[in-house]
Amino acid sequence: MNTDSKDHMGRILITGGAGFIGLSLAWHLRKSADLILLDSLRHRVDFQNQWANSCGAKLVVGDVRDADLVLRCLDGCNCVVHLASLAGVDRVRTNPGETSRTILDGTKALLDACSKSPNIKRIVVASTSEVYGINADRDDEYEFHGPLPDDDPRWIYAASKLVAERMVLNFGAEHGLDAFIVRPFNVYGPGQLGRGAVETFVKRALAAEPLEVFNGGEQVRAWCFITDLLKGLEAILLARDLASNIYNMGNPYAALTTRQLASKIVHLAQSKSTIRSRQETLAEVQFRVPNISRAETELGFGPAVDLEQGLIWTIAWYKHLLDGSPVAPWEGDFGL
């Protein structure tokens, strides 16, 4: 795979640009691209505007489902990174209809706008490891073991993402555009504000509160530090001899049970928190570890941050947040 040097990459639109991955990507690309961030700020926190400014990016507040607004944001852009979505298992279960509409209508509006934007050459879309269903044991990107379950609202997120993937890949083929799907596996790091497991465990550990795991905490996850995902996204944006494809991105070398993750965080935070189990009857994923061989071969992707170092940086950032000093994740020694 050939890539350009770190010269200018042109103008890039990032939808969902004020979220965890969006802002982190903006900081990562700040020296090599002009950046437009589109975000509804539905889950707004007071410092997102400030963080966008520190990345040198323009933040446009609006809904990705507004095709006219998206078209205006695409003016002069040659690439788009589509991150806009509702996420988080609890949020999806509470708002399954809104989740589906945001993903499907948002993707349709984006593609409609791209069809009217002659400069757009490349579309990169964030999907999810949820598309693999209840277990993902190093599955290949095109390897599925059956339909998604239909017994829990959480699966509307994965089903909608799968449809959006096909929409994007078909659009790329029809319009002669490069179209890429990225399936991230359990990304964490400084700047994450969305009630994920790492965030919840770290905040509870720093407050010396009990950490709860579901049903004994034997579920296995592989945890990927944010900068490793960012380098993978950058590799796709820079590649010049890459055919449209789907890529798993994660860190299969940082796999452990939820209980082990909780214990590690308690230890690294020097916390007195206890760990307790809570029974849960809702659908659960028992095993989720990525197969990244395609990304390794075609993109040179490889996780560089081990779990302990990533957690040390993450815990340090949350300490600042809880102390009332929400510094941008790149404004301290937090690994970014």
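Heads up: numbering here begins at 1 and tracks the sequence. None of these values were measured; they are calculated from a predicted model.
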Is there a side-chain contact between [X] and [Y], using heavy atoms and a 4.5 Å cut-off?
| X | Y | answer |
| --- | --- | --- |
| Ser263 | Ile275 | yes |
| Leu311 | Leu261 | yes |
| Leu35 | Ile12 | yes |
| Lys231 | His28 | yes |
| Arg221 | Phe185 | no |
| Leu336 | Ser24 | yes |
| Ile236 | Val81 | no |
| Tyr157 | Ile103 | yes |

**Request:** Not counting sequence neighbours, which residues clear side-chain contact (heavy atoms from CB on, under 4.5 Å) with Asp63? List them please.
**Result:** Arg42, Arg65
Rounded distance [0.5 Å steps], [atom1] in [X] versus [atom2] in [Y]:
| X | Y | atom1 | atom2 | value |
| --- | --- | --- | --- | --- |
| Arg166 | Phe171 | CZ | CZ | 15.0 Å |
| Leu13 | Ile120 | CG | CD1 | 7.5 Å |
| Gln48 | Asn53 | CD | CG | 12.0 Å |
| Leu177 | Leu111 | CG | CG | 9.5 Å |
| Met167 | Leu110 | CE | CG | 9.0 Å |
| Tyr188 | Ile226 | OH | CD1 | 10.5 Å |

With hydrophobic residues grouped by side-chain heavy-atom distances under 4.5 Å, do [X] and [Y] end up in a single group?
| X | Y | result |
| --- | --- | --- |
| Leu230 | Met9 | yes |
| Val202 | Ile312 | yes |
| Val220 | Met249 | no |
| Phe214 | Phe287 | no |
| Val198 | Tyr253 | no |

**Message:** Using 30° and 60° as the class boundaries, would you call the ring planes of Trp317 and Trp51 parallel, tilted or perpendicular?
**Reply:**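 Rings of Trp317 and Trp51: perpendicular, over 60°.
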**Prompt:** Parallel, tilted or perpendicular: which describes the rings of Trp313 and Phe225, with under 30° parallel and over 60° perpendicular?
**Reply:** tilted
Please name the pair of heavy atoms, one in [X] and one in [Y], separated by the smallest distance, quoted to 0.1 Å.
| X | Y | answer |
| --- | --- | --- |
| Ala197 | Trp223 | CB-CH2, 3.8 Å |
| Asn251 | Cys224 | N-CB, 3.8 Å |
| Ile181 | Ser127 | CG2-CB, 3.6 Å |
| Leu211 | Ser273 | CD1-CB, 3.6 Å |
| Gly302 | Asp228 | O-OD1, 4.1 Å |
| Ile123 | Cys114 | CD1-SG, 4.1 Å |

Hey, is the main chain of [Y] close enough, under 3.5 Å, to the side chain of [X] for a donor-acceptor pair?
| X | Y | result |
| --- | --- | --- |
| Gln192 | Val187 | yes |
| Asn78 | Asn119 | no |
| Ser271 | Val266 | no |
| Arg204 | Pro210 | yes |
| Tyr132 | Asp137 | no |
| Thr15 | Leu83 | yes |
| Lys161 | Ala126 | yes |

**Message:** Hydrogens and angles aside, do Ser115 and His175 bring a side-chain donor and acceptor to less than 3.5 Å of each other?
**Reply:**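 On atom types as modelled, these side chains do not qualify, holding no pair under 3.5 Å.
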**Item:** Basic-acidic side-chain contact under 4.0 Å: Lys108, Asp112
**Value:**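 Answer for the salt bridge query: yes.
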**Request:** Before giving the answer on side chain to side chain contact (heavy atoms under 4.5 Å, CB included), spell out for Val285 and Gln219 the whole-Å C-alpha distance, their side-chain angles and the decisive distance to 0.1 Å.
**Result:** CA-CA 7 Å; Val285 173; Gln219 309 87 347; over 6 Å; no
**Request:** Output, in order, the C-alpha distance, side-chain angles, deciding distance and verdict of salt bridge (Lys or Arg N to Asp or Glu O under 4.0 Å) for Glu209 and Lys203.
**Result:** CA-CA 8 Å; Glu209 297 174 351; Lys203 286 181 174 179; over 6 Å; no
**Prompt:** For Leu71, which fellow cluster members are found when Ile, Leu, Val, Met, Phe, Trp and Tyr are connected by side-chain heavy-atom distances below 4.5 angstrom, either directly or through intermediates?
**Reply:**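 Same cluster as Leu71: nobody, lone residue.
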**Full working for side chain to side chain contact (heavy atoms under 4.5 Å, CB included) between Leu299 and Leu242** = CA-CA 9 Å; Leu299 300 173; Leu242 196 63; 3.4 Å; yes
**Prompt:** Step by step, would you call Ile292 with Phe301 a side chain to side chain contact (heavy atoms under 4.5 Å, CB included)?
**Reply:** CA-CA 8 Å; Ile292 60 171; Phe301 173 79; 4.1 Å; yes
**Message:** Tyr247 and side-chain hydrogen bond (donor to acceptor under 3.5 Å, both in side chains): which single residue from Arg183, Glu298, Glu141, Glu296 fits?
**Reply:**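 Going through Arg183, Glu298, Glu141, Glu296 one by one, the side-chain hydrogen bond (donor to acceptor under 3.5 Å, both in side chains) with Tyr247 is satisfied by Glu298 alone.
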**Request:** For the pair Arg294 and Tyr142, evaluate side chain to side chain contact (heavy atoms under 4.5 Å, CB included) and give the outcome as yes or no after the intermediate values.
**Result:** CA-CA 11 Å; Arg294 178 173 287 115; Tyr142 293 93; 3.9 Å; yes
